[in-house]
Structures are given as structure tokens and as C-alpha cells.
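These values consider heavy atoms only, across backbone and side chains, with no hydrogens, waters or symmetry-generated copies. What you see is a predicted model, and the numbers here were worked out from it, not measured in a lab. Just so it is clear: chains get the letters A, B, ... in the order the sequence lines come, proteins before strands, and each one is counted from 1.
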Amino acid sequence: MNNDAENNPQPMAAAKTEVQRKTLDQREQMNELMRLRHSAAHMMAAAVCRLWPEARLDIGPPTEEGFYYDFDLPHRFSPEDFPRIEEEMRKIAKENQVFEKTVRTREEARAHFVAKGQTYKLERLGDIPEGEAISFFQNGEFIDLCAGPHVMRTGNVKAYKLLSVASAYFRGNEKNPQLQRLYGTAFRNKEELENWVKMQEEAKRRDHRRIGQEMGLFAFDSEYVGPGLALWLPKGGVLVEELEKLAKEAEFQAGYVRVRTPHLAKEKMYRTSGHLPYYAESMFPPMEMLEEDERKRRDVLVEKRADLIQLADSLEKAVSPNPAGLTLEQVRHDIAKLETEISLFGGRYYLKAMNCPHHHRIFAAEPRSYRDLPLRLAEYGTCYRYEQSGELFGLMRVRALQMNDAHIYCTAEQFADEFRAVNEMYLKYFKIFGLDKYQMRFSTHDPARLGQKFVNEPELWLKTEDMVRRVLIESGINFVEVPNEAAFYGPKIDVQVWSAIGREFTIATNQVDFAVPARFGLAYRDRDNTDKVPLCIHRAPLGTHERFIGFLIEHYAGNFPLWLAPEQVRVLTLGDDEPLVAYARGVVEELRSHFVRAEGDYTTNKINGKVQDAEKARVHTMLVIGGRDREAGAVSVRVHGKGNLGARPRGEVIADLVQSIRERRSH
RNA sequence: GCCAGUUUAGCUCAGUGGUAGAGCACCCGAUUUGUAAUCGGACGGUCGUCGGUUCAAAUCCGACAACUGGCUCCA
């Protein structure tokens with residue numbers, strides 16, 4: 001698994017503009033709520049301009065959740081400003097201003113913004129293609145470049161609320177200045193707004209960080225272990241183990257073989273794979289094993305290489321005269337020679353950020369025949385990625401992660417079948433977890449630059465993408481195609497899911513790689529007695545333990561199905577009479593003999609209290625045992641969230657529990 | 001990494017310059033109970049860390065760290 005970390009701002013910027021234009025087109029069909037929110041954004045901007053006339057404005061669109069507006073001003077917004085701004089908005093609503101549309105010429109618009117010193121607006125003006133109408137909307141004294149549409153009057157905006165202040169780079173580019181973004185939301189009426197606020201609170205209760213804390217699933221110890229390095233507590237460890245068990249069974253049945261690889265590798269590994277130039281920033285810094293003098297000698301070579309790479313760059317662009325009279329080929333040759341010399345030093349190890357290179361070396365460890373293919377190497381590999389501090393987010397973005405990884409080495413003929421089987425595995429998992437809302441993002445090459453930005457195999461790109469597309473359609477999979485977001489070595493499929501609280505996740509990735517195996521010199525001997533390079537499919541249907549479990553926690557709100565529940569059964573006695581406790585212990589032991597995670601609560605506490613404890617701990621099944629049950633050889637079943645289901649024979653209940661676990665039933 | 005906010009007991013939170021608090025959890029004792037809180041007691045904090053201002057700092061100022069909301073990036 002891997003990422004395309006290509007550092008090329010140009011196509012990115014173009015892509016962004018594309019997205020923004022799309023939203024402009026969509027404004028034509030903007031529904032009532034969006035119009036309302038868009039108008040609320042204008043009112044908020046108007047309010048801000050009344051309070052801070054020096055504010056420079058960027059844009060303020062509606063969003064799924066509400067709206068925002070970006071400002072540049074010396075005053076730093078804080079939540080303490082919200083009441084003042086809302087008060088001003090209230091006045092604007094009371095004034096019941098009309099939203100009035102006017103069309104201006106480009107020159108008029110430019111003059112308007114120059115006069116007002118609205119530099120961001122001037123840039124936005126430049127985005128509007130020649131020939132397209134330049135429209136303004138005015139309410140009261142506030143006038144804004146805007147395609148609309150709006151509600152009729154400010155008085156129509158009745159229920160709104162400022163939510164947060166954040167920052168955002170102008171045009172989303174980190175090289176641009178940072179603006180202050182005010183987020184708010186608006187609804188048709190107060191009741192809908194209140195409902196939304198309540199739903200936000202519910203979402204907070206489902207947050208995996210909160211439930212993880214409550215249930216004792218995982219912890220972070222930033223002081224001693226480090227930020228972004230999760231500790232799995234015993235109950236969270238159960239989830240990890242259960243997922244691995246599921247993956248191992250599914251992969252065994254699908255013909256995978258399991259391998260194990262170390263957590264680090266020499267620099268040469270990531271130079272060869274091609275990751276280092278793209279990816280070094282998100283890897284932990286290397287461990288130096290060289291002696292001082294060796295290191296110095298190597299650093300000299302490294303410096304020389306850096307100079308040569310720069311020279312090659314300028315030769316390529318032909319921007320500077322060539323002082324030494326060297327050709328590009330000569331320089332490249334020298335770089336390659338230096339690479340070899342540098343790698344001979346060894347002594348520099350990286351924690352692995354991906355498992356593929358290790359698996360490639362396993363492929364290379366033995367001679368391979370076409371009869372060995374497809375070879376499916378699977379491993380729950382642990383990877384380390386030095387994510388920027390601001391990117392860390394609970395279990396969803398961490399620095400140490402365990403991936404449901406596998407690499408399938410196959411021939412071009414086998415590709416479609418293999419790829420189809422991978423998809424089937426995804427669907428199988430979705431069914432087990434009751435995931436009906438998912439979407440696959442099929443990322444393909446940049447149509448304008450086939451074979452330039454990416455690995456230069458135009459025919460292979462088109463052929464593979466076509467195969468992938470065909471299989472996706474045949475399998476009836478819900479997907480969208482996104483050009484220009486492929487990995488550098490092949491097309492990729494990201495699986496997106498939505499948690500119950502509406503948070504979107506890229507939960508898994510699936511990539512086709514027809515480049516890296518060649519870089520490692522991987523080959524198999526074909527029927528015709530020639531060596532051929534295999535294709536490689538990277539796949540990780542269960543993503544990483546961290547993110548997948550983070551998702552599952554929110555998906556189930558911590559109420560896991562029986563097979564996953566950290567504590568599956570708790571036996572509660574009515575009192576601590578000796579014969580009663582002995583019977584209850586017998587039930588726990590019998591359950592454990594079937595590998596059911598069962599605990600007993602034999603204290604003298606009231607049954608209400610014990611039930612409450614178990615419910616709060618989200619124990620899946622509670623078995624209440626009193627004198628009546630013991631005499632009848634029964635247990636009273638209570639299921640978390642479902643209440644008391646009544647007494648049933650002990651053996652029957654245990655058999656049902658075991659069966660539900662074995663089948664991984666989804667409730 | 002950038003902008004802003006937050007950091008007080010295991011958890012949730014009060015405490016705006018003058019002797020650190022509550023509820024829950026943990027621990028101890030009593031309670032012998034039929035499906036979401038039985039009663040009582042004890043324990044627990046260098047107020048994120050370091051520095052500064054002050055007679056006096058949880059409280060004001062600064063640096064750093066972590067976390068949160070965003071931006072950028074992403075499994």
C-alpha cells in the first residue's frame with residue numbers, strides 16, 4: 001500500500017479550480033436550504049463588515065452542514081465575538097433587506113474592488129471565464145461578487161448559529177496567506193436548528209475517542225509513548241484479534257499465504273522502490289548505524305548527488321547554461337553511479353511506511369515460475385508514518401498502524417479474475433459489518449499527461465484501467481471515477497464509507513502496480529522460457545486496525561455484535577448465596593470452554609445496579625441468575641439495548657451464543 | 001507544519017490574584033436483592049511543563065508540549 005506524494009502544485013491547483021467551477025454550476029440547482037445558508041453567509045459577512053470595516057473578504061459558500069465565510073483582518077476572531085456578530089446579523093434580518101442582483105462589466109467590477117482594496121475578490125474575479133456574466137448581490141450596504149441565488153429578503157433567514165472559527169489557506173494552498181474562516185449554520189426554522197444541535201450532541205457521544213475511553217478500548221500516552229501511537233487496552237485488543245481472525249480465515253479461503261516481515265529496512269529498499277524521493281517527509285527519520293568517519297565520507301557523496309540532481313533538473317528544463325559541458329545522459333549516469341556508492345555504505349535504516357517492498361523481496365527470495373502465480377502474500381504489517389502533528393486525529397490518523405495488507409503477484413491474463421476476487425472480499429466484509437453506504441473512488445491517470453507525471457507505460461495504463469473499470473461494472477459496485485489521482489505506479493481504488501455520525505472515511509485502498517516489481521527486478525519464468533515481470537495488486541479491504549476499529553466504534557456506537565464484543569457475556573447473580581454462585585460459575589466456565597468471553601458478577605449488590613453496570617459497559621448479553629433459574633437449570637437472558645428476554649434452558653442459551661459467534665451474526 | 005482554542009483528581013466539570021472543590025469511578029464496610037443507580041466511610045490534585053510579574057498565581061504574561069476545531073496531507 002502506498003501513496004502518491006508527488007509534489008507538483010500546478011495540476012493540483014488546476015484540479016481545485018475545476019472543483020470550484022463545478023460548485024458554481026451546481027448553484028443553478030441549489031435548493032431552498034442552500035439558498036438560505038448562502039444568504040446567511042452574506043449576512044454574516046455584512047455583520048463582520050459593520051463591526052470590522054477593514055475586513056477583506058474572500059468567499060462564503062453554503063456547505064452540507066451550514067456555511068462559512070473567509071476573512072482577512074487584523075482582529076483575531078474568537079468564540080467570544082460570536083454573540084456580537086449574531087446580534088448584528090439579527091439586526092440585518094430585522095431590517096429585512098432585499099437581496100438584489102446586478103450585472104456589471106469586468107471593468108466595473110475590477111474598479112469596484114480596487115477602490116475597496118478587496119484583493120482576494122480581485123483574484124476571484126479573474127477566475128470567471130471571459131464571456132460569463134459577472135453578477136453581484138446587494139443587501140443593505142453590503143455588496144458581494146456572487147452568482148447567487150439567494151432568498152428574497154434577509155428577514156427570511158430566521159434560524160442560524162455561528163459555530164466555530166478556523167483558518168483556511170486562500171484557495172486551499174498552503175503557500176497562500178491564511179484567512180480566518182467563520183463557520184455557521186442555518187435552517188428553515190428554530191426547531192430544525194435545535195434538532196440539528198441535538199444530533200451534533202449525539203454525534204459527540206458516538207465519537208470513537210469518547211467511546212474508546214468509556215469502554216477502555218485504547219489509550220494514547222503522548223508523554224511517554226508519543227503522539228499518534230495508540231496503545232490497545234485489553235478490550236480493544238480483543239477487537240484487533242477478532243478482526244485478524246476474520247481476515248486470516250477469509251484470506252486462507254481465498255488462497256492467500258501468510259508472511260511476516262521486520263518493521264525496518266535499509267535505505268536501499270526505499271530508494272529502489274522509488275518511495276524515498278516522494279515519501280521521505282512522511283517517514284520517520286532514518287536510524288544511522290555508521291561510525292562518525294564513515295558517515296562523513298558518505299555525506300560528501302550525498303551532497304554531490306544533490307548537486308547533480310539539481311544540475312540534471314536545470315538541464316532538463318534547459319533554463320540555465322551548462323557550465324561543465326555535460327549532457328543530461330552523462331549527469332544521470334553519474335547520479336546512478338553515486339547512488340550505488342552511497343548504498344554500499346549501508347548503515348541507514350528506515351522504519352517501514354508500507355509493506356510492499358518487503359513483500360517484493362519475498363517474491364524475489366525464490367525463483368518463480370508461471371505455475372506459482374498468482375502468488376498472494378498476506379500480512380497484518382505494522383507501518384510507521386510521521387504524519388504532521390496537526391493531522392493526527394484519534395485512531396483515524398496515527399503514526400503507527402497495522403494494515404490488512406496483501407500483495408497479489410499475477411500475470412496480465414490473471415489480473416481481471418484476481419481483481420474480481422478482491423472485490424468480492426470487500427463485499428463479503430461489507431455484509432458482515434452491515435455496511436450499505438459505501439463508494440469506491442477509482443483514481444486514474446491524468447488524461448493530459450499520460451506517461452509523463454506517472455510511470456511511462458501509456459498502453460499498460462489504459463489497458464489496466466480498462467480492466468479495472470470493466471470488473472467494477474460487472475461486479476455491480478458503486479463507484480466514481482476520478483482522473484489524475486492515481487498512485488505513481490498505477491491506478492488506485494479508495495473505498496469510502498460513512499460512519500453513523502456522518503463522518504466520511506477512506507477505509508481501504510486497492511492499487512494496481514505495474515512499475516515497482518520491475519524496479520526490484522521481479523520476474524517469473526513463463527511457458528515460453530522467458531522471464532516476465534508480474535503485475536502486482538495491493539489490497540487492504542480492512543484498511544488498518546486503527547482506522548477500521550475507529551470506524552467500527554462509531555458505526556456501532558460501541559454496541560458491537562456478539563462476535564466482536566470485548567465482553568460477550570456477563571453472568572449476574574441475585575445475591576451471593578453459595579449454591580447460586582456455584583451454579584453461575586459453572587455457566588461462566590462452560591461458556592469459556594467454548595471460548596466465549598464471559599465474566600461473572602457475584603456481588604451482593606442489587607440487580608438493578610449490576611444490570612446498570614453491565615449495560616454501561618456495553619456487555620452484549622447479560623445472564624441473570626436467581627434461585628428460580630438455578631432450580632430450573634435455566635438462565636434469564638437480557639441483551640444490551642434490548643432489555644429482558646426472559647428465562648430459557650441454560651444449554652440452549654449457550655448453544656445459541658456459540659452459534660451466533662461462529663456465524664459472526666451482525667447483531 | 002500553519003491559524004485559533006483548550007489543558008484543574010482515573011472520568012465529567014466548577015473555581016478571574018488571598019487556605020484547591022463537586023458528582024461518578026476505584027478502595028473499605030454494611031445491605032441477600034428478579035432486570036438501567038442501596039446506604040455509609042475512606043482515598044485521591046506540585047492545577048500540562050518550564051520561566052516571569054506580584055507580598056501572594058490554578059487565576060496575569062512568555063516559551064514549550066499535548067489535545068481539539070479547521071487548512072494542507074492521508075490508510
Return the polar atom pairs (N/O with N/O) between nucleotides 27-30 of chain B and the protein under 3.5 Å, or none.
none

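Counting distance only, with no hydrogens placed and no angle test, the side-chain atoms of Y169(A) and the base atoms of rG1(B) include a donor-acceptor pair under 3.5 Å. On a pure distance criterion of 3.5 Å, a polar donor-acceptor pair joins the side chain of Q178(A) and the base of rC2(B). With hydrogens and angles ignored, a donor-acceptor pair closer than 3.5 Å exists between the side chain of R397(A) and the base of rC73(B). A donor-acceptor contact under 3.5 Å is not formed by the side chain of S164(A) with the base of rG70(B).
If you find the closest nucleotide of RNA chain B to K610(A) and to E387(A), the one lying nearer the 5' end belongs to K610(A). Two residues, R76(A) and V624(A), neighbour RNA chain B, and the one matched to the more 5' nucleotide by heavy-atom proximity is R76(A).
Applying the side-chain hydrogen bond (donor to acceptor under 3.5 Å, both in side chains) rule to E65(A) yields the partners W196(A); only residues at least two apart in sequence or on another chain are considered.
For the contact set between residues 205-224 of chain A and RNA chain B, defined by any heavy atom under 4.0 Å, the members are R209(A), Q213(A), S222(A). A heavy-atom distance below 4.0 Å to RNA chain B is reached by these residues of residues 570-579 of chain A, ordered by number: L574(A), G575(A), D576(A). Contacts with RNA chain B (heavy atom under 4.0 Å) in residues 631-645 of chain A: S636(A), R638(A), N644(A), listed by number.
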Under 3.5 Å donor-acceptor pairs involving side-chain atoms of residues 161-170 of chain A, not counting sequence neighbours:
from    : atom 1 : to      : atom 2 : distance (Å)
S167(A) : OG     : Q178(A) : NE2    : 3.1

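Comparing the same atom, P, in rC67(B) and in rC26(B) gives a spacing of 29 Å after rounding to whole Å. A distance of about 28 Å separates the P atoms of rC71(B) and rG62(B), rounded to the whole Å.
Between the OH atom of Y380(A) and the C1' atom of rA75(B) there is a distance of 12 Å, rounded to whole Å.
Contact annotation: S389(A) side-chain N/O to rG1(B) OP1/OP2 distance is under 4.0 Å. Side-chain N/O atoms of R181(A) include none lying less than 4.0 angstrom from OP1 or OP2 on rG70(B).
Among the atoms of the strands shown, none is found under 4.0 Å from any heavy atom of Y68(A). Residue contacts for G390(A): at a heavy-atom cut-off of 4.0 Å it reaches a base atom on one of the strands shown.
A cation-pi contact links R650(A) to Y583(A), judged by a cut-off of 6.0 Å to the six-membered ring centre and 45° from its axis.
R258(A) and Y256(A) are not linked by any side-chain donor-acceptor pair at a separation below 3.5 angstrom, with hydrogens and angles left out of the test.
Counting only heavy atoms from C-beta on, V611(A) has its side chain closest to rA36(B) among rA75(B), rA36(B), rU72(B).
Checked against the 6.0 Å centroid threshold, F77(A) and F71(A) count as a close aromatic pair.
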